[in-house]
Each structure stands twice: as structure tokens, then as C-alpha cells.
Amino acid sequence: MASLSLRHIYKKYAGGVVAVSDFNLEIADKEFIILVGPSGCGKSTTLRMVAGLEEISSGELYIGDRLVNDVAPKDRDIAMVFQNYALYPHMTVYDNMAFGLKLRKTSKEEIRRRVEEAARILDIEHLLERKPKALSGGQRQRVALGRAIVREPKVFLLDEPLSNLDAKLRAQMRTELTRIHQRLGTTFMYVTHDQTEAMTMGTRIVVMKDGLVQQVDAPQVLYDKPCNMFVAGFIGSPQMNFIDAVILKEGEQFFVEFGSEDTKTRAGVKYKLPLPAYKNEDKIERVTGLLEPYVNKPVIMGIRPEHVHNEEQLLEVHKDGVIEAKVEVTELMGAETYLYMNCEGQNLNARVDPSSTAKPGDTIKVAIDVNRIHIFDKDTQKTICN
């Protein structure tokens, strides 16, 4: 098994295009690291540099204690699973899985042992004599994984391996991949643009944008304490609400104010929500000190849809955060309902109980959990407090 170390990695193309900029990451042995971000952010390029399929423009890449910048892909002891599976159509499943081992002159007995073991792990023992055209998408994906597993590499690299599967199969394969990782105890580096995959599978997530690492952390930390608006908006579905607001201070109490009010006609409403002095139970992070420089200045208020409530009992619990909003669209998702609303000209989404009777055109009361408010700097988009 092996750790990975990426130190000041750059990828520059002709014409001055920088695909990856100053990428630094230490990946521990047996970790499941996910690279996530929008298309074109550099995540697949980073993975391909680790695989040796792209040349590193500058920086150092270590697998274990070995510098591998100039080591050929076949000598890096890694296995890569591609988005399109890349199976040989004229070969059986067994031969597809065994092909790499045959090239390495592995004995027939050892090949059979490894292929059968991988097939058992992946539950494809009954498919070994079939050819790829006779397999479903999920079965082909398992074969591609099996071909990687039999090599017993130090590092698995997976480039959007589930993107060709339907929603139900993707959910099943997410669980399967997590089980396989736990069983094999090998380092996994996984690229996806799907934040659901990232949140459910990774021990840590690397969020990328425009070739730059935005934040590296455990899934729940990324969700609860994003370092900027991009991370806050990218992780979570529906995404976090962002509302133009102003920080006010009365005595020792801070407020976040938003809404619209015409000074002449008094049309519109402004809402003033109190901010807690502390944002966590151990009272280490005092919000008041962080907010002092922003008094009477514009900021961005963030609130996740699940922290906007319209259930009667929660309106009472969070009465400090009660506002009115007009419902524009509702989406019944079965276990929950999404409300897409407008509050004084600003979009506000809520994830509420499916028993909600709100319908398009209704003006309803909703309650924002003031303890869950995030505040961002309007200019830099960096987090002021979570």
C-alpha cells in the first residue's frame, strides 16, 4: 500500500493555459480522496498526472517515498478506471480482467486466483465467460474495476467511473465502491463532478475551481464550514441560499438585515435577524469579534434550504428568524418537499416536510434558523463566520 504526496504541482499547456496551479496534497495510505469541482476545473488533469498520462510541468509527485515524475505509467504501481470502461470487445470478462497480468508474465495459477477473487468481491463470477456486449452498464463497470483489482496496485485512480450509469445503479455502485475500498484497504483517488458521490464516499474531499484547490476537508466539515461562497454553493443540493444583506450592531447585539424598503413609499419589508454571540457549543469561536469590521457594511448571508422551516412548531422554535416569502415553485420529492420562493426580490429555497400545504402563489411564513446562518465577505466571497 502507499501514500501519495503532490507538492506544488502545475500543469501548463502551450499558449500559457494553466490547467492546474500549485496543487498541494498529502494523501495517507488507505485514504479515499475525492477530487470534485465543475467541468474544466483541473481535477481529471491532476488524476492523469498522478497516473503518468500527463506530464507534470513543475512540482514533485511521490508515491510512497518514491519520486515518480519521470517514471513510466506501467512502473508506478497504480491502476486506473476510466469513464468509458475501455474493455476489449472481442475478449471474455475473464480475459479482460487477466490481460494486464498476462502482459506481466504472471503464472496461469496466480492469474486464475486473482481473477476469481476479484470476481467474487464484485459478484461477477457468473459473468466470466461473457463478452462485454452481453453485459449491462453496471456489469461492465464491475469488470473494469475487476481488471484494476487483479493487479493489486498501491493506488487506485478512478475518473468519473459512474457517470455513464443510471441514477439507481449509480447509488448502488457508490455503496459497492465504498465496500470495495474497505475490503481492499488500498489508497483511492476518485474524480467526480457529482457532489453527492463526493459527500457519501470520500474520507476527505478536495474542492477545485479553475485549477486551484479551494478547500480540503472531511465531507461534513466542508458542508458545515465552507471556506468561501464557491465551496458553500457547490457542496449541498439544493445549494445554499445567498442573500444580499447588511451587518448591524445595537449595543452588544449583532444583526443581519435584508429585504427592500422604499424610503418614500415604505413599500417592501426589511428583516432584521439576531446573530448568536457564539457559533458552536464549546464557545471557542466568538462571532462578535469576526463581525465587528463589517458593521453597517454589505455582506452575503448564506442559509442552507434545510435550515429554512415552515412547519408550525418550528416557526415557534425559531421565532427570531420568521419572515414572509412568496412560493413560486414546489417540488415534491417523496421524503421531502422543496419550496422555491421569493423574499423581497431575493430567491429563497427551503427543504421542508412533505406534509407542507404550500403551493405556488401562496405567501407563507418561514423561519430561518439564526444559529445556522453563514456570513460571507461580499467582495472576496470568503467566509467571515459559519
Side-chain angles (χ1 to χ4, degrees), residues 1-4 27-34 47 50-52 63-64 66 73-162 164-165 169-192 197 200-203:
M1 304 305 113
S3 58
L4 273 171
I27 303 173
D29 184 25
K30 301 179 183 177
E31 231 186 326
F32 199 138
I33 283 282
I34 307 256
L47 196 77
V50 174
I63 297 179
R66 183 186 179 203
K74 65 183 179 64
D75 299 321
R76 293 191 180 194
D77 205 3
I78 53 95
M80 191 158 180
V81 180
F82 295 93
Q83 183 177 345
N84 61 2
Y85 317 142
L87 301 176
Y88 297 109
H90 62 287
M91 291 184 183
T92 63
V93 167
Y94 182 96
D95 289 333
N96 263 286
M97 291 171 66
F99 186 70
L101 298 179
K102 288 177 180 175
L103 289 181
R104 293 182 170 197
K105 304 288 194 290
T106 308
S107 70
K108 285 186 178 180
E109 293 77 17
E110 180 64 10
I111 290 174
R112 180 162 297 280
R113 182 191 71 77
R114 291 197 197 181
V115 170
E116 288 178 351
E117 172 66 11
R120 187 181 60 77
I121 290 170
L122 294 163
D123 193 24
I124 54 172
E125 294 163 290
H126 59 296
L127 304 175
L128 290 175
E129 297 309 314
R130 290 193 196 176
K131 290 187 177 176
K133 66 180 179 183
L135 304 177
S136 67
Q139 289 169 337
R140 289 179 195 176
Q141 181 60 72
R142 282 183 163 87
V143 175
L145 279 167
R147 186 176 53 193
I149 289 170
V150 297
R151 292 182 55 194
E152 297 180 355
K154 289 181 178 176
V155 181
F156 279 87
L157 306 176
L158 302 101
D159 190 2
E160 303 203 30
L162 308 185
N164 291 338
L165 305 180
L169 204 47
R170 284 178 85 156
Q172 289 176 355
M173 284 304 297
R174 283 203 307 266
T175 309
E176 282 299 314
L177 279 170
T178 304
R179 282 192 188 130
I180 290 164
H181 172 252
Q182 291 167 351
R183 246 173 168 178
L184 298 177
T186 313
T187 308
F188 274 46
M189 194 172 182
Y190 186 105
V191 160
T192 181
E197 285 178 24
T200 53
M201 293 164 63
T203 49

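The basis for the numbers below is simple: all heavy atoms, side chains too, and nothing from hydrogens, waters or symmetry mates.
In terms of heavy atoms, Gly64 sits closest to Ala2 at N-CB, 4.1 Å. Minimum heavy-atom separation, Pro89 to Pro132: O-CD, 3.8 Å. Closest non-hydrogen pair, Met80 versus Ala51, comes out as SD-CB, 3.7 Å. Heavy-atom minimum distance, Ile111 versus Ala98: CG2-CB, 3.5 Å. In terms of heavy-atom proximity, Met97 sits nearest to Leu128 at SD-CD2, 4.2 Å. Considering every non-hydrogen atom in both Leu165 and Arg170, the closest pair reads O-CD, 3.4 Å.
For the atom pair Gln83 CD and Asp159 CG, the distance stands at 6.5 Å (nearest 0.5 Å). Of the inter-residue distances, the one linking Asp29 atom CG with Ser3 atom OG reads 6.5 Å to the nearest 0.5 angstrom. Here the CG atom belonging to Leu101 is positioned 7.5 Å from the CZ atom belonging to Arg104, to the nearest 0.5 angstrom. The CD1 atom of Ile63 lies 6.5 Å from the CD1 atom of Ile78; values are rounded to the nearest 0.5 Å. From Met189, atom CE reaches atom CG of Leu47 across 6.0 Å, with rounding to the nearest 0.5 Å. Ile33 contributes atom CD1, which lies 12.5 Å from atom CG of Leu157 (distance to the nearest 0.5 angstrom).
At least one side-chain heavy atom of Thr192 sits under 4.5 Å from a side-chain heavy atom of Ile34. The side-chain heavy atoms of Arg130 and Thr92, taken from C-beta on, include no pair separated by under 4.5 Å. Proximity of Arg147 to Val81: side-chain heavy atoms (C-beta onward) are nowhere separated by under 4.5 Å. Put simply, the side chain of Leu184 reaches to within 4.5 Å of the side chain of Ile149, judged on heavy atoms. Looking at heavy atoms from C-beta onward, Arg76 lies out of side-chain contact with Lys154 at the 4.5 angstrom threshold. Looking at Leu169 and Gln141, their side chains never come closer than 4.5 Å, going by heavy atoms from C-beta outward. Side-chain contact between Thr186 and Lys30 is absent, with no heavy atoms from C-beta onward closer than 4.5 Å. Contact of the Ile121 side chain with the Leu145 side chain is not registered, since no non-hydrogen atoms from C-beta on lie closer than 4.5 Å.
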Determine, step by step, whether Val191 and Leu158 satisfy the side-chain contact (heavy atoms from CB on, under 4.5 Å) criterion, reporting the C-alpha distance in whole Å, the side-chain angles of both residues, the deciding distance to 0.1 Å, and the verdict. CA-CA 6 Å; Val191 160; Leu158 302 101; over 6 Å; no
Tell me, with the steps shown, if Glu197 and Tyr190 meet side-chain hydrogen bond (donor to acceptor under 3.5 Å, both in side chains). CA-CA 10 Å; Glu197 285 178 24; Tyr190 186 105; 2.8 Å; yes
side-chain contact (heavy atoms from CB on, under 4.5 Å) between Arg142 and Met173, intermediate numbers included: CA-CA 9 Å; Arg142 282 183 163 87; Met173 284 304 297; 3.7 Å; yes
Would Arg179 and Glu176 count as a salt bridge (Lys or Arg N to Asp or Glu O under 4.0 Å) here? Give the steps. CA-CA 5 Å; Arg179 282 192 188 130; Glu176 282 299 314; 3.2 Å; yes
Verify side-chain contact (heavy atoms from CB on, under 4.5 Å) between Glu129 and Val93, making sure each step is shown before the conclusion. CA-CA 6 Å; Glu129 297 309 314; Val93 167; over 6 Å; no
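With Asn96 contributing its side chain and Val143 its backbone, the two residues share no donor-acceptor pair below 3.5 Å.
No more than 12 heavy atoms of other residues, nucleotides or ligands lie within 6.0 Å of NZ in Lys74, so this atom counts as exposed by the packing criterion.
In terms of the side-chain contact (heavy atoms from CB on, under 4.5 Å) criterion, residue partners of Arg140 (sequence neighbours excluded) are, by chain and number, Tyr85, Leu87, Leu135. Checked against ring pair (Phe, Tyr, Trp, His ring centres under 6.0 Å), Phe188 has the following partners two or more places apart in sequence or in another chain: Phe32, Phe156, His181.
Put simply, the residue from Arg120, Arg114, Arg113 that forms a side chain to side chain donor-acceptor pair (under 3.5 Å) with Glu117 is Arg120.
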